[in-house]
Amino acid sequence: MIRELVTRFGRDNIGFLWIMVEPLLFAGLVGLVWAYARGPENHGIGVMAFVASGYIPLTFLRHSFGRSAKIFQANISLLYHRQVKVLDFIFVRVTIEAIGAMMAYIFAGIVLHFLGYFPIPADIGSLVAGWAIYVFFVLAICTMLAPLSEISSVIEKLVPVSVYISIPFSGVFNMASWLPPSLREALMWSPLVSGMELMRYGLFGDAVTPYYDLFKALGISLICLLFGLILCRRVRRTLAVA
Amino acid sequence: MIHCRDLHKSYRSGSVNKPVLKGVDFTINPRDRVGLLGRNGAGKSTLIRLIGGVEMPTSGKITRQMTCSWPLGFNGGFQGSLTGYDNARFIARIYDKSYVEMRDFVEEFTELGSQLRMPVKIYSSGMRARLAFALSLAIEFECYLIDEVIMVGDKNFQNKCKAEFFEKRQDRALLLASHSLGTVKQYCNRAIVLHEGVATMYEDVNEAISIYEDL
């Protein structure tokens with residue numbers, strides 16, 4: 001059924017490819033600016049590759065959070081069919097965003113590789129694992145955001161802000177190993193950082209020293225998911241479908 | 001059979017909590033044609049949405065032992081930005097029906113022709129009603145929940161609905177919310193009067209109608 005809904009959204013906006021182009025543009029431009037501002041190499045790794053590998057997952061996060069606000073209201077007419085559950089909406093949105101971001105990632109990687117700015121991933125396993133943690137945590141947060149935005153419109157307004165707040169905690173623009181140990185310790189509580197560090201390690205190999213804590217990352221994601229599922233269930237009971 | 005046991009439903013808007021249903025009990029048997037009468041805002045549509053599983057009761061329990069359509073009404077059940085065909089495809093998929101059969105039936109029943117290629121949001125209410133009926137008839141539910149819509153159709157559509165519901169599908173159950181007493185009198189064998197959050201089932205439709213008229 002998720003696949004069915006995906007085709008529906010695919011049909012909705014004619015250019016499904018836009019989902020891929022937008023993060024690409026962002027990552028490309030930000031990467032260029034950084035490369036000019038700081039020189040092409042920083043801490044021994046290519047700036048372009050570093051920014052692209054950080055920015056694309058961040059776009060995924062931003063879109064997923066942004067779209068999960070009021071997601072129930074946006075799809076309310078589908079709830080007329082008992083087979084359609086509110087969780088489907090969230091899973092579908094996050095899945096679409098994740099697929100788009102990964103496509104952008106692969107595409108950017110290939111293009112930049114031919115231009116000589118992007119390494120061949122050193123460890124595909126870590127790269128995929130990093131993505132998996134990242135996506136899982138974003139999904140968990142979305143299951144919380146979606147019902148919360150339904151309960152209170154304040155939360156809906158706060159969603160864009162929360163995305164900006166999350167940027168320093170998402171390891172987009174720096175590696176944990178560049179930071180002082182005490183700060184690094186604190187950042188380990190963010191599954192985003194763990195995911196990003198793993199991704200970076202998968203990409204650059206031994207050129208970077210990754211710091212990650214799988215146990216904390218998965219634990220926090222699971223707790224968020226649990227809260228999210230409970231909230232979804234509660235909100236569904238009071239949702240007015242008019 | 002559909003059993004409703006002590007259904008309560010209240011809506012909250014800010015600090016105001018408005019109870020709409022205050023303990024509704026009844027049973028719909030197979031082949032029952034139940035009319036649902038009540039004044040504006042009495043909770044007819046709410047009750048239908050609860051039975052259709054679109055909304056959840058605040059308390060109480062609904063058990064469905066037959067397949068039940070989604071509430072057929074002016075809106076809902078459609079994705080407005082999609083065309084009639086796309087909606088048919090979607091509904092065929094989620095209810096596990098063959099799309100080709102669904103499409104043929106919808107084309108024949110709605111007579112909308114090339115309008116089916118346009119987004120549903122630009123349809124008139126009559127056109128929407130045609131599409132909603134065509135889709136739900138193609139799926140063959142055991143119980144149909146109808147909220148007002150039969151009355152918006154033109155003569156030709158009403159005749160078609162009559163033929164499909166009351167002649168070809170006499171074995172199905174029906175819950176019909178309506179202000180058209182003529183329709184209820186003509187088609188229903190039982191009727192529910194909804195007043196002040198309480199539903200009363202009458203085995204005699206005429207009795208129900210006279211009580212409704214005195215409200």
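Throughout, a chain's letter reflects where its sequence line sits, starting with A, and its residues are numbered from 1.
Y80(A) OH to I91(B) CD1: the interatomic distance, rounded to the nearest 0.5 Å, is 12.5 Å. Considering CZ of R49(B) and CG of L79(A), their distance stands at 11.5 Å, rounded to 0.5 Å. Atoms NE2 and CG, on H81(A) and L135(B) in that order, are 8.0 Å from each other to the nearest 0.5 Å.
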- request: Output, in order, the C-alpha distance, side-chain angles, deciding distance and verdict of side-chain contact (heavy atoms from CB on, under 4.5 Å) for E55(B) and L239(A).
  value: CA-CA 7 Å; E55(B) 289 179 6; L239(A) 203 60; over 6 Å; no
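The environment of CD in E140(B) is crowded: more than 12 heavy-atom neighbours from other residues, nucleotides or ligands sit within 6.0 Å. Within a 6.0 Å radius of CG in N17(B), more than 12 heavy atoms belonging to other residues, nucleotides or ligands are found. No more than 12 heavy atoms of other residues, nucleotides or ligands shown are found within 6.0 angstrom of CZ on F227(A).
The two residues R237(A) and K9(B) have their closest heavy-atom pair at O-NZ, 3.5 Å.
Neither the backbone nor the side chain of S10(B) comes within contact range of chain A; no heavy atom of the residue lies under 4.5 Å from a heavy atom of that chain.
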